[in-house]
Number of protein chains: 2
Amino acid sequence: MEPAHYQKLYALLKSQIQVGNFKEGDLLPSENELSTTHKIARMTVRRALMELANEGYIKKVKGKGSIVCATRKSLGILSFKGFSEVVGAEYAAKTMMLRAPIEMAWPERFFYKLSPEEEEAGCIMFERVRFVDEDPVMLEYSYLPNQNLDDFCTKPLLDGSLFKTLNIRYHIDIESFEQDIRAIVADEIIAFHFKIKPLTPLVQIYRRYHTNVPDYFVYSLIYCNTEKYTISNHQ
Amino acid sequence: MEPAHYQKLYALLKSQIQVGNFKEGDLLPSENELSTTHKIARMTVRRALMELANEGYIKKVKGKGSIVCATRKSLGILSFKGFSEVVGAEYAAKTMMLRAPIEMAWPERFFYKLSPEEEEAGCIMFERVRFVDEDPVMLEYSYLPNQNLDDFCTKPLLDGSLFKTLNIRYHIDIESFEQDIRAIVADEIIAFHFKIKPLTPLVQIYRRYHTNVPDYFVYSLIYCNTEKYTISNHQ
DNA sequence: GAGTGGTCTAGACCACCTG
DNA sequence: AGGTGGTCTAGACCACTCG
């Protein structure tokens, strides 16, 4: 489906900021100007700018305009985006599949309460490490209820992206998520993957993604090494 | 100033959810219905519902309606709210001033880069511990550039709230913030305040609040004990 | 088919900032 | 005074869900 007008304008402005056509401190064209030049209503322009502001790309100031903000140095892992989007243009993102998808029973004492239907279906699990500039910064265990996911384990992920695979092959769209965050120390397995010493502190995130399919959720257990790159909500 | 229509509707619906007039799984009245009964345009209703959805109170489903979500068990510390709002109605929140506000020079190697004007002004610093149900969960060091804050150190905070004090006494409104999050281990001082063992992992947050006063920022250094209460974006 | 939320329009008035 | 973003209105068409 054709993206909405506000999404197209959002994507356009975001890429222009990332590419450097607009620099820190610059003013974006005014809402009326964008409305005229793109031939869309001002309310629609405002929606695009609202998203940019929520993600920290611009700051809106009444009476002045929309000011382009500095690009952040931290990884916007807490925001609801795919990994490569989250990392931003200034770093090189890479993902490695540590354990390919397999069908299995749910782990004991799973971190979210499962419905009887989910319990019975069992799960598909896989494990990936994410790198930023060659440093492993994120270890992610993904769990999908094993319902109507034919061939998931036999075909590789599309472009290495779980979201894209779910969308294109199974028409499942990720719409939102909830997460719980805590600090823990690395055990030996995790320390090995991150190439750090055991007992190094890590951020652990439990995450439940909501989809367009009623009662179908996707789960992730994430470990973040924040020694070199901190994490944040933006970008 | 009178709150906007969408803010009033947002606050009304939120309190009705918190109080239990709407329960998990319930549908809110439809947008058209809210528009009619409150005599405001549907776009204005939508803005109120948008905020509720962003904070996780409801989930909007096309063709069905706005579904009330379960209340979370974690503390929405990562969201941009005052502490008591963040904790939610189901816990008892308490704050203790550990060190009353004093004027001082900025710490060496401050966690954000300061402007020359901020450097020169020096800062006002104070230290608070936040309790949830009698457990210390958050240690917060607050730093304000010492500019035009007459009597800040000699009068107590209004209702114990920094935001309220800045707003009413100095007409400074907090409008947004940025934060960086990492995992660390407790040193002896922090462990003492949290009544935990040194080397317990903690979440550390650097935060910079943006205000309605140009180039005036408020800074916080926060430690969270996540052993008992995890943290999240919502509520 | 009736009702829902998603998107969009073309206006309007306001408070705020700057020259 | 002129331009900016903040709020608001009263419509409209669409895709979706459900009985």
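All of these numbers come straight from a predicted model, not from anything done at the bench. Chain naming here is simple, since letters A, B, ... match the order of the sequence lines and numbering starts at 1 in each.
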Margin query: Using a 4.0 Å cut-off to any heavy atom of chain A, which nucleotides of DNA chain C are the first and last in contact, reading 5' to 3'?
Written below: C:dT7 to C:dT18
Margin query: I want to confirm an ordering. Mapping A:His5 and B:Lys62 to their closest nucleotides on DNA chain C, which one lands closer to the 5' end?
Written below: B:Lys62
Check: Between A:Tyr170 and A:Asp150, is there a donor-acceptor pair closer than 3.5 Å when you use the side chain of the first and the backbone of the second?
Finding: yes
Next item on the list: Go through the side-chain N and O atoms of B:Glu55 and B:Tyr10 and say whether any donor and acceptor fall under 3.5 Å apart.
Entry: yes
Check: With sequence neighbours excluded, what pairs up with B:Phe83 under the ring-ring contact (aromatic ring centres under 6.0 Å, His included) test?
Finding: none
Check: Are A:Glu2 and A:Lys8 ion-paired here, with the side-chain N under 4.0 Å from a carboxylate O?
Finding: yes
Next item on the list: Just call it for A:Arg47: base, sugar-phosphate, or nothing, with non-hydrogen atoms closer than 4.0 Å on any strand.
Entry: sugar-phosphate
Note to self: Suppose we screen for salt bridge (charged side-chain N to carboxylate O under 4.0 Å, His left out). Which residues come up paired with B:Arg42, at least two apart in sequence or across chains?
What the structure shows: B:Glu31
Item checked: Residue whose nearest DNA chain C nucleotide is more 5′ - A:Lys64 or B:Lys64 -> B:Lys64
Next item on the list: Please list, chain by chain and in numerical order, all residues satisfying ring-ring contact (aromatic ring centres under 6.0 Å, His included) with A:Tyr206, sequence neighbours excluded.
Entry: A:Phe111
Notebook entry, point to check: Looking at B:Phe110 versus B:Tyr219, is the centre-to-centre ring distance below 6.0 Å?
Noted result: yes
Check: Which residues within residues 21-37 of chain B lie with some heavy atom under 4.0 Å of an atom in DNA chain C?
Finding: B:Ser30, B:Glu31
Check: Base, sugar-phosphate alone, or nothing: which one does B:Leu49 contact when heavy atoms must sit under 4.0 Å apart?
Finding: nothing
Note to self: If the cut-off is 4.0 Å, is A:Ser66 near the phosphate of D:dG5, judged by side-chain N/O to OP1 or OP2?
What the structure shows: yes
Note to self: Taking ring-ring contact (aromatic ring centres under 6.0 Å, His included) as the definition, give me every residue that meets it alongside B:Tyr6, ordered by chain and number, with sequence neighbours left out.
What the structure shows: none
